[in-house]
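To start, the structure under review is shown below, and the notes come after it.
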Amino acid sequence: MVFLSLSTLLFVCCCFFNGRELFSPAQKYQLLVYHADAIFHDKEYRNAACKYSMALQQKKVLSKTSKVRTSTGGAASNIQAQSLPSEIEVKYKIAECYTILKLDKDAIAVLDGIPSRQRTPKINMMLANLYRKAGQERSAVTSYKEVLRQCPLALDAIIGLLSLSVKGAEVASMTMDAIQSIPNLDWLSVWIKAYAFIHAGDNQRAINTICSLEKKSLLRDNVDLLVSLADVYFRAGDTKNAILKFEQAQMLDPYLIKGMDVYGYLMAREGHLEDVEVLGGRLFNISDQHAEPWVISGCHSFYSKRYSRALYLGAKAIQLNSNSVQALLLKGAALRNMGRVQEAIIHFREAMRLAPCRLDCYEGLIDCYLASNGIREAMGMANNIYKTLGANAQTLTILATVCLEDPVTQEKAKTLLDKALAQRPDYTKAVVKKAELLSREQKYEEGIALLRNALANQSDCVLHRMLGDFLVAVNDYQEAMDQYSIALSLDPNDQKSLEGMQKMEKEESPTDATVELDGDDMEGSGEDGDLEGSDSEAAQWADQEQWFGMQ
C-alpha cells in the first residue's frame, strides 16, 4: 500500500506538472508502468489495464521525441531506452488484466498485436490457452508448437497439444533434440506416450504406461505423476485405486491442491463425509483462491442433500476457475436434483467440451435427458460414446442404462451388461444395473449370486444394501439385516438401507410397529421442520448466488 500511495503521488505529479518539465518523457513512461504495476498488485485489474494503456501512449510520444534528438545525446538516450520497461511486457500485462477480468477477446486482440517474431514463450503460451478456450484450435496448436520450438521441455505446451488431438509421435519429435542432448531425460518420451493415451481416452494403456514410469528412480514418488495416475484410475472407474493414489500424493505433499477436488468427490460419493469436511477445511487454510476447496465443500453439501448450498459453492468455484470440470459437474448435478434440468444440461455440455474423454460428463447429461423423458436424446448420446470410445465396461454400462428405460430394449441391456461384466466382473455400476434387471425379472437367487460374487473382492454400500433387498425377497431376514447394517456402517446417511432395516423391524414386531409408527410421525414432524429450515437456507443461498450474478 505504501508503494501504491507513492506511485499515485508520482503519477499525479506526472499528469499535472507537465508545464514545469519535472520528468522527462522516458521518466513519465517508467512512472506510468510502475503506477500500473502497483494497481495490478492491489488487484484493481480494470484500472491497471487503463494505466498500462496510458503508458503505451506515452511510449509512442517517447519514440517520436527520440527520433528528433541531437546526435550529442544519442548514446545516453539509447542507454536510458534499454533500461526502460519493455513495451511487449506492458502489452502482456494488459492481456493478463483482461484474462483475469474474463475479457478473453480483448486479451487475444492485445497479444495478436505483437509481431510473431517478438512473442516470448509466455506470450505464445497465453495466446495458445486463450485460443483453445475460444475454440480456435488451429491457432492454439500453432502457438503451442511455437512454445515448444523455443522451449522444447515446456510440459504444459506438450499437454496442450495432446489435448487438441495432436499425435503423440509428432509431439515427441519436437522434443527429440532436447532428449538426446540432455542426460537422464529418456523418461520424457514415455511420459508423452502416457499423456497421449490419457487424452485419447485409452485409460488402461495410460495406467500401464504411468505405472512403468513410476517405477523409474527419477520419477518415483513424483506427486504430479501420482495425481495423474489417480485421475486415470478414476476415469477408468477404479475408485479404490484412485483414492489410494490420491492419498499417497497427499502424504508426499500436504499442501497439494491439484486433483483434490476429484479426491473429495470420490470420498463424498463413498459416504466418508466427515473426512471430506476435514479435507475441505484443510484446503481452505492453504488457499481459498482455488476452485478445489469450494468444490470439496460443495460435494459435502450435495451428498448431505443440501442442494442449494452445493449449487452456490459450485458457482463460486466456477467463478474462480471457469475451466474446472469438477465444479461444472457439481453445479450441474445440484441443478438437476433441484429440478432445473435445462440449466443442468448447459453445465454438463460445457464439462463435456472441456473434458471429452471423461465419461462422468456424459453420464450427467444422459441422466438429465432421462429425467426429462428424452430417451431418444439419451440413446443418441450413449451410442455416440460407445462408437467414439469403444466397447469397454463403462461405455457398455452407459448404453445398457439407457436401454433399461425402454421395455423394448430390455433384452439388449442384458446382453450389454453381460459383456461389461465379462470384461470387468468388479465394475460396480455394471453389477448394480444387472442386479436391477434381475430384480425386475424376480430372479432373486441369480441376483444374490451376482452380488455375493461382486462383494467377495470389495465392500460397497449400494451392493450390500441391494443384497439385503434380495435376501428379504427370499425371506432370509437375519442375513438381510446384517447386510443393511454393513451398508449403514459404510455410509450412515444411506436412507434406503435405513428404510429397509426399519421395514423389517416393523414386520417382525407388529406391536412395536405401532409404537414406532407414532415415533415416526413425531420424527416426520421434525423432518418437516428441517425441510422448512432447508427452504429458508435455500432462499439464503439463492440470494447469495443472485448477488454474485451466478444464476
Side-chain angles (χ1 to χ4, degrees), residues 1-131 143 146-147 149-151 154 156 289:
M1 289 301 293
V2 173
F3 178 59
L4 179 58
S5 300
L6 181 59
S7 69
T8 303
L9 178 63
L10 290 171
F11 172 68
V12 170
C13 291
C14 182
C15 289
F16 294 104
F17 290 86
N18 287 331
R20 299 185 187 179
E21 295 294 336
L22 291 180
F23 300 108
S24 69
Q27 288 172 329
K28 288 177 186 176
Y29 168 65
Q30 196 158 33
L31 281 174
L32 283 164
V33 174
Y34 286 163
H35 182 59
D37 285 342
I39 295 170
F40 180 90
H41 287 291
D42 210 39
K43 299 183 179 179
E44 296 180 22
Y45 302 113
R46 201 174 295 275
N47 190 9
C50 176
K51 297 303 184 292
Y52 282 125
S53 298
M54 289 175 65
L56 289 179
Q57 291 298 320
Q58 179 62 30
K59 186 69 165 63
K60 289 180 181 178
V61 174
L62 177 61
S63 300
K64 289 177 182 178
T65 56
S66 63
K67 289 178 183 178
V68 297
R69 283 200 179 115
T70 59
S71 58
T72 54
S77 62
N78 284 338
I79 294 169
Q80 188 182 31
Q82 289 173 5
S83 65
L84 291 175
S86 163
E87 187 176 348
I88 292 171
E89 186 64 26
V90 172
K91 287 183 178 180
Y92 177 82
K93 281 287 190 180
I94 293 173
E96 201 171 10
C97 291
Y98 286 147
T99 302
I100 294 168
L101 293 167
K102 296 183 171 57
L103 301 172
D104 293 344
K105 288 183 180 179
D106 293 329
I108 290 172
V110 171
L111 295 178
D112 271 339
I114 301 172
S116 299
R117 292 182 180 180
Q118 295 180 18
R119 292 175 191 171
T120 61
K122 72 175 182 179
I123 288 173
N124 278 311
M125 193 69 194
M126 182 184 278
L127 256 179
N129 290 333
L130 288 166
Y131 282 140
S143 294
E146 188 59 29
V147 174
R149 188 186 66 78
Q150 296 172 296
C151 302
D156 284 343
Q289 294 303 305

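Any value given below was found using the heavy atoms of this structure, including those in side chains, with hydrogens, waters and symmetry copies removed. This is a predicted model, so every value here is computed, not measured.
Taken from CZ in Phe40 to NE2 in His35, the straight-line distance is 14.5 Å, to the nearest 0.5 Å. The line from CG of Leu111 to CG of Asp106 is 11.0 Å long, rounded to the nearest 0.5 Å. Atom CD1 of Ile108 sits about 5.0 Å away from atom CG of Leu130, to the nearest 0.5 Å. Between Thr120 atom OG1 and Met126 atom CE the span is 9.5 Å, to the nearest 0.5 Å. Taken from NZ in Lys51 to CD in Glu44, the straight-line distance is 8.5 Å, to the nearest 0.5 Å.
By the 4.0 Å N-to-carboxylate-O rule, Lys122 lies close enough to Glu89 to be salt-bridged with it.
Met125 and Asp156 get closest at one heavy-atom pair: CE-CB, 3.4 Å. Nearest heavy-atom pair, Asn124 versus Ser143, reported as atom, atom and distance to 0.1 Å: O-CB, 3.6 Å. Between Ala107 and Ala95, the closest heavy-atom pair is CB-O, 3.6 Å. When all heavy atoms are compared, the tightest approach of Ala55 to Val33 is CB-CG2, 3.7 Å.
Partners of Gln58 under the side chain to side chain contact (heavy atoms under 4.5 Å, CB included) rule, at least two apart in sequence or in another chain, are Pro25, Lys28, Tyr29, Leu32, Val61. Listed by chain and number, the residues in a salt bridge (Lys or Arg N to Asp or Glu O under 4.0 Å) with Glu146 are Arg149 (sequence neighbours excluded).
Neither side chain, Glu96 nor Tyr92, offers a donor N or O lying under 3.5 Å from an acceptor on the other.
The local environment of NZ in Lys105 is sparse, with at most 12 non-hydrogen atoms from other residues, nucleotides or ligands closer than 6.0 Å.
The one candidate from Thr99, Leu101, Ile100 that meets the side-chain contact (heavy atoms from CB on, under 4.5 Å) condition with Leu103 is Leu101.
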